[in-house]
Amino acid sequence: VQLQASGGGLVQTGESLRLSCAAAGRTLSTYAIGWFRQAPGKERELVAAIGSGGDTYYGGFVRGRFTISRDNVKNTVYLQMRSLRPEDTAVYYCAAESSGWASDSLSSYDVWGQGTLVTVSS
């Protein structure tokens with residue numbers, strides 16, 4: 001499977017963005033999909049993950065601001081981000097995990113897409 005992340009951009013504090021992770025080559029329905037982010041000088045961290053059964057996991061910093069969802073018909077996973085803050089500025093990546101379990105471990109994910117840059121201005 002190949003993943004294509006999109007939807008990043010420049011927004012102001014408090015605004016929203018929706019990121020998309022589209023798959024090509026295989027159906028995403030049996031995979032868990034994770035959204036990760038990496039800010040300059042920082043380690044990559046989990047933002048949110050969704051299992052093949054729809055179970056979800058969020059990073060602690062999300063605090064209800066982000067929602068991950070999947071549309072298996074469109075073969076796409078979304079990350080709706082609200083109330084964005086400057087500290088959310090990062091490159092956001094989506095990744096697929098073949099067991100279908102939503103994991104918070106980077107090493108569990110087999111396939112990575114290219115990143116999409118999110119910049120939140122103050």
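Values reported hereafter were calculated over all heavy atoms of this structure, with side chains retained and with hydrogens, waters and symmetry mates removed.
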First locate atom SG of Cys94, then atom CG of Leu28, and finally report the distance between them rounded to the nearest 0.5 Å.
->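 Result: 8.5 Å between the selected atoms.
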Looking at CZ of Arg70 and CG of Asn75, how far apart are the two atoms once the value is rounded to the nearest 0.5 Å?
-> 9.0 Å
Mind running side-chain contact (heavy atoms from CB on, under 4.5 Å) on Tyr58 and Leu46 for me, showing each step along the way?
-> CA-CA 7 Å; Tyr58 292 94; Leu46 177 77; over 6 Å; no
Flag the pair Val118 / Met81 as yes when at least one side-chain heavy-atom distance between them is below 4.5 Å, and no otherwise.
-> yes
Is a side-chain N or O of Ser29 found less than 3.5 angstrom from the main chain of Thr27, in a donor-acceptor match?
->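 Flag not set: sc Ser29 to bb Thr27 has no pair under 3.5 Å.
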Side-chain (Asp71) to main-chain (Thr76) donor-acceptor, under 3.5 angstrom | no
Same cluster (ILVMFWY, side-chain, under 4.5 Å), [X] and [Y]:
X      : Y     : result
Val62  : Tyr93 : no
Trp101 : Ile33 : no
Ile50  : Trp35 : yes
Val111 : Val47 : yes

Among residues two or more places apart or on two chains, list those pairs meeting ring-ring contact (aromatic ring centres under 6.0 Å, His included) that have a residue in residues 60-82.
->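 Matches after skipping sequence neighbours: none remain.
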For residues 103-122, which residue pairs qualify under ring-ring contact (aromatic ring centres under 6.0 Å, His included), counting only residues two or more places apart or in two chains?
-> Phe36-Tyr109, Phe36-Trp112
So, for Pro86 and Ser122, which heavy atoms are closest and what is the spacing to 0.1 Å?
-> CG-CB, 3.8 Å
Minimum-distance pair of heavy atoms, taken over all atoms of Thr89 and Val120 =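 Looking at all heavy atoms of both residues, the shortest contact is OG1-N, 2.9 Å.
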Pair up each side-chain donor or acceptor in residues 2-26 with any protein partner under 3.5 Å, not counting sequence neighbours, and list the distances.
from	atom 1	to	atom 2	distance (Å)
Thr13	OG1	Ser121	O	2.8
Glu15	OE1	Gln12	N	3.0
Arg26	NH1	Tyr31	OH	3.3

For Asp110, which residues count as a side chain to side chain contact (heavy atoms under 4.5 Å, CB included) partner, sequence neighbours excluded?
-> Ser98
Quick one: ring-ring contact (aromatic ring centres under 6.0 Å, His included) partners of Tyr57, sequence neighbours excluded?
-> none
Which residues pass the ring-ring contact (aromatic ring centres under 6.0 Å, His included) test with Tyr92, sequence neighbours left out?
-> none
Who passes side chain to side chain donor-acceptor pair (under 3.5 Å) against [X], sequence neighbours left out?
X     : value
Ser52 : none
Asp55 : none
Thr30 : none

Which residue pairs pass the disulfide bond (SG atoms under 2.5 Å apart) test with at least one member in residues 36-71, sequence neighbours excluded?
-> none
Sequence neighbours excluded, the answer for salt bridge (Lys or Arg N to Asp or Glu O under 4.0 Å) partners of Arg65 is Asp88
Applying salt bridge (Lys or Arg N to Asp or Glu O under 4.0 Å), name anything that partners Glu45, two or more places apart in sequence or on another chain.
->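 In terms of salt bridge (Lys or Arg N to Asp or Glu O under 4.0 Å), with neighbours along the sequence ignored, Glu45 is linked to Arg37.
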Strictly by modelled atom types, are Ser105 and Ser103 linked by a side-chain donor-acceptor pair under 3.5 Å?
-> no
